[in-house]
There are 2 protein chains.
Amino acid sequence: MENKPVTLKLIAKELKLSISTVSKSLKDYPRIKESTKLRVKELAARLNFTPDISALRLRDRKSRIIGIILPNLSDHFFTRSIYGMEQLATANGYNIIISQSHDNFEMEVNAAATLLGSRVDGLIVAISKQTSDFAHLDQFEKIGIPVVYYTRNPSFNLNCHKVLGNTHQGCYMATEYLINRGHKKVAYLGGPKMVNFSHDRFSGYINALKDNDIPFNANHVAYTDFDDANTLTAIKNLFSDPENGPTALVAFKEKLLFDTIKFLRSIAHPELKKLECIGFGNDPIIAYLSSPPIASIEENPESLGEQAVALLVKLIHGDIDAKDYKKVIVNCNLKIHQTA
Amino acid sequence: MENKPVTLKLIAKELKLSISTVSKSLKDYPRIKESTKLRVKELAARLNFTPDISALRLRDRKSRIIGIILPNLSDHFFTRSIYGMEQLATANGYNIIISQSHDNFEMEVNAAATLLGSRVDGLIVAISKQTSDFAHLDQFEKIGIPVVYYTRNPSFNLNCHKVLGNTHQGCYMATEYLINRGHKKVAYLGGPKMVNFSHDRFSGYINALKDNDIPFNANHVAYTDFDDANTLTAIKNLFSDPENGPTALVAFKEKLLFDTIKFLRSIAHPELKKLECIGFGNDPIIAYLSSPPIASIEENPESLGEQAVALLVKLIHGDIDAKDYKKVIVNCNLKIHQTA
DNA sequence: TTGAAAGCGCTACCAT
DNA sequence: ATGGTAGCGCTTTCAA
């Protein structure tokens with residue numbers, strides 16, 4: 001009962017055959033006698049033989065594994081994108097290994113080291129908030145393992161393959177939608193100000209204002225690093241002027257909208273009912289809220305994940321030159337919610 | 001640039017040393033000259049040498065990997081339990097590989113095969129809703145790889161190691177809490193009726209009623225398999241009698257409560273404001289709801305995950321005999337929400 | 001039709 | 001102080 005794993009050697013001994021004959025039988029080599037094949041396959045099935053992946057990898061010098069590093073699994077954005085990656089990876093004969101960085105640079109470096117040791121055939125990474133040094137990721141490319149950056153744009157790292165959501169377009173659409181509904185005072189609540197991947201959204205907002213002749217008002221823009229206290233401060237700032245507060249709001253993440261509504265409700269803000277909000281996410285929980293956002297910016301994370309795998313597989317197969325840096329942009333949709 | 005991965009052989013050739021000397025230098029064998037060690041380590045660091053994990057595994061015949069099969073990553077319960085597993089696994093020098101079954105038996109079997117091929121040192125599994133045949137999991141134990149079942153109780157499989165949340169106690173506490181708040185008509189909205197892992201909750205509910213001299217009312221119990229239409233039917237049944245509808249509700253999952261509240265709001269149910277609800281979950285989103293559950297049954301998924309890894313590691317190390325089947329129960333907490 | 005052997009990267013035992 | 005070698009499980013070429 002406390003047996004060792006089933007190996008070719010074991011089957012060979014049992015059947016008084018050589019290891020190579022067993023191997024060939026299982027792979028249906030033409031020059032093996034049918035009856036032998038049958039005997040081998042039968043025993044292999046009965047013993048639940050599974051080839052040792054480590055041995056296969058060692059021999060083939062490829063793992064058929066795609067490594068994935070992302071900040072966390074709490075955000076539905078990432079779990080949804082994993083779904084897309086899993087689908088397309090499986091369809092292409094690859095397995096995936098997921099590592100969480102918890103948005104911490106050290107952990108990202110550790111995860112990279114482990115995946116490098118696993119000799120993954122390719123890497124997909126959504127960099128942590130803290131990442132500005134890319135040595136731990138560059139080493140993959142140095143030894144010929146392709147890397148695709150997704151979602152979080154490593155703007156300091158120009159020469160790389162990217163699959164990004166079109167957050168500029170998403171923010172533009174959201175802002176314009178609110179303007180078209182008659183709002184003149186559309187606020188923007190952004191993510192960490194320093195972080196490069198928040199610029200695109202802000203410029204989408206700004207451009208939509210400009211194209212619709214709405215003057216920019218600095219009091220209608222605030223930023224948060226997602227720390228709760230920090231978020232609250234940002235929200236309070238946006239609504240500090242009772243005379244001239246925003247009537248609509250575009251946010252980096254839907255959670256920021258929920259925080260905003262909660263705050264306004266807690267102070268019984270008189271304009272709460274009229275405030276119209278849109279954020280990135282499209283969380284299914286919206287169906288249950290009594291003051292839901294009027295719409296959501298749907299980033300299509302599954303599609304983003306699929307595109308990342310598709311690009312990575314082409315790079316692995318050499319269909320695209322490693323130096324021919326690609327930038328894939330996945331558009332957002334504006335999902336209008338039914339008002340109850 | 002398009003180099004192959006860095007191996008000991010490469011370093012040996014570069015330094016005109018033997019492979020074994022390089023290996024020993026990196027592992028600080030005492031009988032290697034200090035200067036040699038330094039030269040080796042320096043070059044290894046410069047080339048970002050990482051030992052090939054497949055080769056190590058092949059040699060050591062152990063992978064230092066814990067395989068995890070769970071239904072999905074959309075449920076915060078599972079991502080939270082992964083967090084606990086990750087922590088304790090890392091602390092014990094293990095890596096984890098996560099596979100999703102999407103609550104589908106076929107996919108669970110496939111995942112098991114892959115993990116078996118990876119020669120994981122142990123397996124933690126939350127079985128799919130559909131799983132009643134355990135051959136694909138038993139084969140691990142047959143070859144000496146321990147398996148720990150967690151969260152979802154495989155009641156058809158008596159001889160196995162389990163780490164379970166005390167859902168009976170959780171449901172009991174919730175029901176009793178509602179009774180103590182004066183409710184006489186406490187309903188129960190359960191998960192799939194056939195599935196073994198939903199019995200404990202129901203019996204917790206029943207026992208709390210009995211211990212508090214509340215008569216059982218069959219009209220106050222409904223089940224759903226989580227299909228949306230099915231859930232809606234269950235909810236409608238619970239509230240079909242306008243005279244004698246429940247004033248409180250305990251649910252298998254918080255999402256069911258959200259669905260209930262949404263439905264009651266949609267029909268402008270007059271008793272909605274008075275209805276008090278509790279479900280399993282403690283989703284942070286509750287802070288944002290205008291009709292939040294009065295409390296949540298917190299299953300402590302991180303702790304459940306840690307316990308599963310702790311037990312598995314003991315089994316792997318042989319600190320516990322494989323046949324000495326353990327059942328670890330993690331209690332629930334009742335988390336009372338602040339009423340706004 | 002089957003088998004022997006090399007080699008993937010690594011470690012540890014045994015020589016030198 | 002350093003090197004040679006066997007062997008982990010597997011595939012594949014070559015030999016019988």
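The sequence lines fix the lettering, A, B, ..., with proteins before strands; numbering per chain opens at 1. Because the structure is predicted, anything quoted here is derived from the model rather than measured.
What separates CG of Leu8(B) from P of dG7(C) is a distance of 18 Å, to the nearest Å. Straight-line distance from the CG atom of Asp60(A) to the P atom of dT12(D): 7 Å, rounded to whole Å. Straight-line distance from the NZ atom of Lys62(B) to the P atom of dG9(D): 15 Å, rounded to whole Å. Taking atom CZ of Arg57(B) as the reference point, atom C1' of dT11(C) lies 16 Å away to the nearest angstrom. In this structure, Lys27(A) places its NZ atom 18 Å from P of dT2(C), rounding to the nearest Å. In this structure, Arg59(A) places its CZ atom 5 Å from P of dT12(D), rounding to the nearest Å. Across the protein-nucleic acid pair, Leu58(B) atom CG and dA12(C) atom C1' stand 15 Å apart, rounded to whole Å. As a whole-Å value, the separation of Leu26(B) CG from dC10(C) P is 10 Å.
In this structure a side-chain-to-backbone donor-acceptor pair under 3.5 Å is present from Gln100(A) to Leu73(A).
By the 4.0 Å N-to-carboxylate-O rule, Arg152(A) lies close enough to Asp103(A) to be salt-bridged with it. Ion pair Arg80(A)/Asp75(A) not flagged as a salt bridge, since none of the NZ, NE, NH1 or NH2 atoms sits closer than 4.0 Å to an Asp/Glu carboxylate oxygen.
One finds no side-chain N or O of Ser23(A) lying less than 4.0 angstrom from the OP1 or OP2 phosphate oxygen of dG9(D). Note on Tyr29(B): a side-chain N or O is less than 4.0 Å away from OP1 or OP2 of dA12(C). For Ser18(A), a side-chain nitrogen or oxygen approaches OP1 or OP2 of dG3(C) to under 4.0 Å. Put simply, Thr21(B) has a side-chain N or O that comes within less than 4.0 Å of OP1 or OP2 on dG3(D).
The side-chain heavy atoms of Ile145(B) and Gln139(B), taken from C-beta on, include no pair separated by under 4.5 Å.
Between the side chain of Thr7(A) and the base of dG9(D), no donor-acceptor pair of N or O atoms lies under 3.5 Å. Remark: the Lys9(A) side chain and the dG7(D) base include no donor-acceptor N/O pair separated by less than 3.5 Å.
Where Lys24(A) and Pro51(A) meet DNA chain D, the nucleotide closest to each residue was compared, and Pro51(A) sits on the side nearer the 5' end. Map Pro30(B) and Ile19(A) each onto its nearest nucleotide of DNA chain D; the residue landing nearer the 5' end is Pro30(B).
Taking the ring centroids of His161(A) and Tyr150(A), they lie at or beyond the 6.0 Å cut-off.
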Exercise for review: Please test Glu302(B) against Ser81(B) for side-chain hydrogen bond (donor to acceptor under 3.5 Å, both in side chains), starting from the C-alpha separation and ending with a verdict.
Suggested key: CA-CA 4 Å; Glu302(B) 293 87 352; Ser81(B) 68; over 6 Å; no

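Base contact: Ile32(B) has a heavy atom under 4.0 Å from a base atom. Backbone-only engagement by Arg61(B) is indicated by non-hydrogen atom pairs under 4.0 Å involving sugar-phosphate atoms exclusively. Using a 4.0 Å heavy-atom distance criterion, Ser54(B) is classed as making no nucleic acid contact.
Side-chain atoms of Arg31(A) lie closest to dT2(C) of the nucleotides dT2(D), dT2(C), dG4(D). Nearest nucleotide to the side chain of Asp52(B), out of dC10(C), dT12(D), dA12(C): dC10(C). Among the nucleotides dC10(C), dT13(D), dC10(D), the one closest to any side-chain atom of Phe49(A) is dC10(D).
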